[in-house]
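Encoded as structure tokens, the structure appears first; notes follow it.
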Amino acid sequence: LAYVSLTRGLKELDIRGPSVPGDLVLIGDDAFPLAMNTRGQVLMAASLYGSGRIVVLGHESYLTTFPALVENALIWLRGDKSDNLSVAVHQGVKAVADNLSRSSFQATVVGKFHDNLGVGVYVTDAYSVEADGRDLVAYLKAGGGLLIAGQAWHWAHEHPKENTLLYFPGNKVSSVAGIYFSEHCGEVEWLPVHPQIPTSWLSVAIGKDFEDDLEFLLQGVSEFDIKGGVLSELLVHGPLAFPIGSNEQGQVFLAGAYYGQGRVMVVTHEGVLGSQMAPFWNNAIRWLDEGRNGVVGVLPRLSNPFNLLSKSGFCCEKTNFRKDLSVFVCTAYSDDHAQEIQEFVAEGGGLLIGGHAWYWAQKHRGQNPLTDFAGNHILNKMGLSLLGATVKAGCHKAPVLGPTIKDNYHFRRLLQRFAGHVVKGEALTKNEESHLKKLGLDCANYLHMKAHDCCSYTQVLSTLMDILKKSDMPQVCDKCPVQTPKDRLLLSMGSVVYKVCPDPDALLPYIIKNNPVMPVVYNYKIKINANTGGADTWLSTGLYLSPGMRTYMSMPAEIVNKGWKVQIGCQTDYLKHDKLKRAPCVYERFPVTSEMMQVWNLWGGLIYLVAPPNTQLEGLEVIVQIAIPAPYYKSGVTTAADWSLLRKAPAPWAELEFENIIITVPSDVVRALERPDEVAAVWDDIMRGIADLAAIPHKFPRKERFVADVQISHGWMHAGYPVMMFSSVAGVLINVKHIKSSGLWGAIHELGHNQQRACWEFRPHTTECTCNLWSVYVHEVVLGINRAKPALPSCSPQCNDVVTVMLYVKGGRSLDKWRVWVALETYMQLQDKFGWDAFKKVFAAYHKMTNTPKDNPGKMNLYAQTFSETVGMNLTGFFKAWGWPIDAATEEKLSSLPAWTDHPMVQYG
């Protein structure tokens with residue numbers, strides 16, 4: 001609305017005259033451009049500060065060249081003071097008063113600004129405010145309107161050693177509102193007046209090179225010693241923010257920024273504010289103090305920095321925030337006085353903040369550190385944000401000053417370069433290409449701020465949208481993988497930009513070019529029956545959304561704001577591979593916070609309701625407005641007649657839900673499946689077998705899930721909820737003949753992982769071993785496949801292999817080598833002697849235990865004791881023969897039991 005008011009009636013701005021304007025730099029949440037040339041340079045801008053408003057023009061001649069613009073500006077600057085038509089005009093631009101004589105405004109020419117002018121708007125050039133700066137800021141903050149015009153490039157030429165952002169007269173006022181006159185000339189051209197705030201990918205450039213600041217800050221500093229603590233990563237995103245310290249991966253832990261007339265510095269752990277970096281902190285306080293030699297206020301709890309700075313000769317006081325300080329040193333864990341601190345810095349104060357957000361993020365799952373963490377309520381506006389990601393402590397080299405300093409990573413610099421690469425074909429350097437992965441992560445983090453009212457944010461978002469629209473977006477799939485840094489960045493960028501852009505439907509065809517229309521169902525009713533255990537549980541709906549498709553869901557009041565979620569997509573692995581066959585993240589979750597909600601996912605996916613832990617509900621109903629039916633079979637519910645139709649449903653993903661497991665595979669896998677009940681019978685037997693060995697009830701508290709995907713995060717399969725596997729081999733899960741003849745070693749192996757318990761696991765030795773107990777048991781007992789049969793190549797010849805054991809014994813029986821197949825032989829020897837019932841009784845005994853040891857020696861002794869007591873025989877000799885650290889106390893506890901003296905390891909001495 002402000003932009004519309006300021007440009008009302010204007011079609012163009014012809015600035016091709018003799019005047020050479022200056023380029024303006026905008027920061028903060030409130031500043032926005034009015035005129036921008038094709039190089040992305042801002043030549044006119046407006047902003048807010050306190051209760052007041054400001055308009056800045058890039059040359060003083062524009063005050064008379066564009067009378068209609070000036071009159072619009074005066075009306076807007078007057079704000080709600082509609083009855084105050086008085087305008088004070090500084091004598092340096094008195095021609096403005098002459099122009100206004102023909103308007104309704106009452107203009108008065110004054111020699112300088114003073115408090116009792118009583119005017120609604122003050123008009124001045126940018127050269128006459130040096131002495132009046134403080135009064136003008138107070139006037140603006142209290143609700144005054146300020147129209148200021150000028151350029152700083154000439155002043156900068158005459159003051160080559162001066163910092164233009166700090167010392168150019170006009171900046172002593174305009175900077176508090178986030179608008180700076182820079183030393184750069186603006187190119188003149190004919191500018192159309194756009195109906196919306198102008199944007200350009202060129203406008204995301206950083207507003208200063210910070211070599212002079214780094215030179216000052218790094219005097220006597222060659223490295224940053226950040227030992228003792230885990231730090232957060234810092235996102236450096238403002239036009240006047242710059243990194244100072246980072247690790248080899250480019251993660252920033254120390255950075256500074258200009259904000260208004262003041263400066264800010266952030267280090268991502270308050271424990272680093274100590275003597276190990278004393279030379280740097282001395283430089284930092286002088287940089288923040290800007291020569292005032294004022295009072296440095298230190299938060300009372302920060303004793304180390306207080307003692308350090310006091311010993312260094314600074315005038316320090318332990319205090320909470322006060323406006324009369326020169327520099328305030330505090331932590332990032334409170335947003336008390338957030339606005340006052342921002343104004344303190346904007347009006348010339350220095351701020352040093354230490355703190356991390358990673359611990360907060362771990363304790364506040366589901367919340368957004370960018371928007372919800374207290375410290376970021378202060379820092380986001382300043383162009384710096386603490387992230388939930390961590391940076392390991394250690395010694396890190398300081399930046400090396402010189403010509404190569406510009407090659408160092410900076411979010412805005414590389415974003416502009418990448419935009420130029422995509423839009424105009426500009427070549428990237430190898431160094432820039434190496435940082436594209438980091439750029440993608442930073443783009444995602446930045447967009448999480450969701451600061452749609454901030455012009456700086458919308459400029460970045462607009463740039464990213466331009467990149468996606470003008471790039472040849474890779475159409476990733478199994479046969480067309482993405483593997484260049486550019487394409488990986490575009491792929492990850494598509495997901496995050498789509499989520500936050502104002503018109504995602506317009507962006508969709510650029511991201512997904514082949515999106516066929518499929519038949520839909522309307523107002524589909526889903527019955528909710530939930531009886532969950534101690535973890536989130538996915539409830540299948542049998543419905544699918546195509547990429548970008550949106551639907552409304554009507555929710556029963558009983559589940560609103562109760563921890564329920566809607567999930568679109570079942571492939572929940574996040575991919576970090578160099579070669580991608582799909583986007584890194586392809587699912588979305590929406591908390592159920594209202595009885596009517598809209599859901600969608602760029603990549604489409606099956607629709608799930610996610611029930612929170614310990615939930616018992618029955619008979620409730622959810623209505624889905626529009627969706628695509630998927631092949632979905634549920635034991636005991638879906639009839640043979642139903643399935644004959646459902647297996648042909650159009651969605652690309654299908655689900656088979658049995659007694660204790662749900663299998664999600666590509667729909668092509670089930671199109672020809674005529675007897676899902678036969679598959680159900682096999683899997684029901686397998687899952688009961690898994691339960692039997694684990695000594696748990698046949699009815700699982702949460703059904704296990706298998707999900708097929710074109711690419712998974714690690715391994716050939718991996719355990720979890722869901723167990724993930726490759727789509728290319730998904731068919732074996734429903735091939736009854738194959739299962740009964742050849743088994744499913746890998747699949748059962750992963751389900752075995754899900755049964756492992758820390759109390760009897762000895763990581764890393766048994767991580768890939770004890771899960772195989774379930775593979776052997778299911779194949780032998782449930783499927784009738786002997787462990788020595790060639791159908792189980794993973795178990796034979798490694799199992800019962802004398803050579804394997806001999807090599808282990810000759811190697812000194814070192815537990816470092818007691819892993820996987822060697823370790824499994826230990827358990828198989830126990831099984832050969834005592835049978836599977838012994839394992840079942842041992843697992844049952846563990847279910848009743850509490851406060852079990854946490855260390856491997858303690859756990860191994862407890863296992864030896866438990867197994868011995870279960871079978872009524874002293875097994876300590878057997879376990880010691882395998883190199884287990886059996887202690888004297890365990891031997892004493894079991895001494896009354898008969899010893900197993902003829903165990904298989906006796907032969908090895």
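One-based numbering along the sequence shown. Keep in mind that this is a model prediction, so the values were computed, not measured.
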| query | Going by heavy atoms in the side chains, are Asn282 and Leu309 under 4.5 Å from each other? | reply | yes
| said: Please report the interatomic distance NZ(Lys318) to CZ(Arg301), rounded to the nearest 0.5 Å. | reply: 12.0 Å
| message | Assess the residue pair Leu63 and Val89 against the criterion (side-chain contact (heavy atoms from CB on, under 4.5 Å)); give the C-alpha distance rounded to whole Å, side-chain angles, the decisive distance to 0.1 Å, and a yes or no. | response | CA-CA 11 Å; Leu63 289 169; Val89 179; over 6 Å; no
| said: Taking the ring centre of each residue, are Tyr139 and Phe113 less than 6.0 Å apart? | reply: yes
| Expected output: side-chain Ser47 to main-chain Gly178 donor-acceptor under 3.5 Å | no
| Atom pair CD (Glu183) and CG (Asp23), whose distance is rounded to the nearest 0.5 Å | 9.0 Å
| Asp335 vs Ile341 side-chain heavy atoms within contact, under 4.5 Å | no
| message | So which atom in Tyr62 and which in Ile15 form the shortest heavy-atom distance, rounded to 0.1 Å? | response | OH-CB, 3.6 Å
| task | Give the intermediate values and the outcome of side-chain contact (heavy atoms from CB on, under 4.5 Å) for residues Phe105 and Ile75. | result | CA-CA 9 Å; Phe105 289 99; Ile75 294 170; 3.8 Å; yes
| field | Close side-chain approach of Ser86 and Thr108, heavy atoms under 4.5 Å | value | no
| request: Tell me, please, which residues at least two apart from Asn408 pass side-chain contact (heavy atoms from CB on, under 4.5 Å). | output: Pro399, Ile405
| query | Between Leu191 and Asn37, is any pair of side-chain heavy atoms under 4.5 Å apart? | reply | yes
| task | Would you check if the side chain of Tyr122 reaches a backbone N or O of Ile148 as a donor-acceptor pair within less than 3.5 Å? | result | no
| Would you find a donor on one side and an acceptor on the other, under 3.5 Å apart, between the side chain of Asn171 and the backbone of Phe181? | yes
| remark: Heavy atoms of Leu214 and Pro243 approach each other most closely as CD2-O, 4.0 Å
| task | Can you sort out the partners of Lys208 under side-chain contact (heavy atoms from CB on, under 4.5 Å), two or more places apart, ordered by chain and number? | result | Asn163, Leu165, Phe210, Asp212, Asp213, Leu240, Tyr258
| request: Among Leu288, Val298, Leu351, find the residue that satisfies the side chain to side chain contact (heavy atoms under 4.5 Å, CB included) test when tested with Val329. | output: Val298
| task | Assess whether atom CD of Gln339 is packed by more than 12 heavy atoms of other residues, nucleotides or ligands within 6.0 Å. | result | no
| Within the side chain of Asp30, is there an N or O that forms a donor-acceptor pair under 3.5 Å with the backbone of Cys454? | no
| said: Could you report the tightest heavy-atom contact between Val96 and Thr64, atom names first, then the distance? | reply: N-CG2, 4.2 Å
| said: Applying side-chain contact (heavy atoms from CB on, under 4.5 Å) to Asp336 and Asn320, what does each step give before you reach the verdict? | reply: CA-CA 10 Å; Asp336 292 344; Asn320 291 314; over 6 Å; no
| At their closest point, which heavy atom of Thr164 faces which heavy atom of Ala156, and how far apart are they? | OG1-CB, 3.5 Å
| field | Donor-acceptor under 3.5 Å (Asn376 side chain, Leu379 main chain) | value | no
| query | Above 12 or not: heavy atoms from other molecules or residues under 6.0 Å from NE2 of His452? | reply | yes
| field | Test item: Leu384 and Val236 side chains (from C-beta on) under 4.5 Å apart, heavy atoms | value | yes
| Heavy-atom pair with the smallest gap, counting every atom of Ala68 and Leu10 | CB-CD2, 3.8 Å
| said: Any heavy-atom pair between the side chains of Val87 and Leu147 that's under 4.5 Å? | reply: no
| message | Once side-chain contact (heavy atoms from CB on, under 4.5 Å) is applied, do any residues pair with Pro279, and if so which ones, sequence neighbours excluded? | response | Val221
| More than 12 foreign heavy atoms under 6.0 Å from NZ of Lys450: is that the case here? | no
| message | Can you list everything that forms a side-chain contact (heavy atoms from CB on, under 4.5 Å) with His448? Sequence neighbours excluded, please. | response | Asn368, Leu370, Asn445
| query | Can you tell me if Glu347 uses its side chain to pair, donor with acceptor, with the backbone of Ala138 under 3.5 Å? | reply | no
| said: Tell me whether the count of non-hydrogen atoms from other residues, nucleotides or ligands lying under 6.0 Å of CG in Asp324 goes above 12. | reply: yes
| field | Arg322 vs Phe328 side-chain heavy atoms within contact, under 4.5 Å | value | no
| message | Ignoring hydrogens and geometry beyond distance, is a side-chain donor-acceptor pair present between Asn380 and Ser385 at under 3.5 Å? | response | yes
| Would you say Tyr180's side chain and Ser174's backbone share a donor-acceptor pair under 3.5 angstrom? | no
| task | Test side-chain contact (heavy atoms from CB on, under 4.5 Å) on Val296 and Ile285 and set out the steps. | result | CA-CA 8 Å; Val296 178; Ile285 294 298; 3.8 Å; yes
| query | Below 4.5 Å, heavy atoms only, C-beta onward: do Phe224 and Val267 meet side chain to side chain? | reply | no
| For the side chain of Gln41 and the backbone of Val188, is there at least one donor-acceptor N/O pair under 3.5 Å apart? | no
| request: May I have the step-by-step check of side-chain hydrogen bond (donor to acceptor under 3.5 Å, both in side chains) for Ser203 and Gln459, ending in yes or no? | output: CA-CA 7 Å; Ser203 70; Gln459 291 282 352; 2.7 Å; yes
| request: Indicate yes or no for a side-chain donor-acceptor contact from Gln261 to the backbone of Lys172 under 3.5 Å, with no hydrogens or angles considered. | output: yes
| request: Write down the atom of Tyr49, the atom of Ala177, and the distance for their closest heavy-atom approach. | output: CB-CB, 4.0 Å
| request: State whether the side chain of Arg412 and the backbone N or O of His237 hold a donor-acceptor pair below 3.5 Å, judged by distance alone. | output: yes
| message | Please determine whether the number of non-hydrogen atoms from other residues, nucleotides or ligands lying under 6.0 Å from atom CD of Glu215 exceeds 12. | response | no
| Without hydrogens or angle criteria, can the side chains of His59 and Ser61 be said to hold a donor-acceptor pair below 3.5 Å? | yes
| field | Partners meeting ring pair (Phe, Tyr, Trp, His ring centres under 6.0 Å) with Tyr333 (sequence neighbours left out) | value | His356
| task | Give a yes-or-no answer on whether the side chains of Glu71 and Ser103 include a donor-acceptor pair shorter than 3.5 Å. | result | no
Please table the atom pairs, donor to acceptor, closer than 3.5 Å between any side-chain atom in residues 194-202 and protein atoms at least two apart or in another chain.
unit_1, atom_1, unit_2, atom_2, d
Thr199, OG1, Ser462, OG, 3.1
Ser200, OG, Leu202, N, 3.1

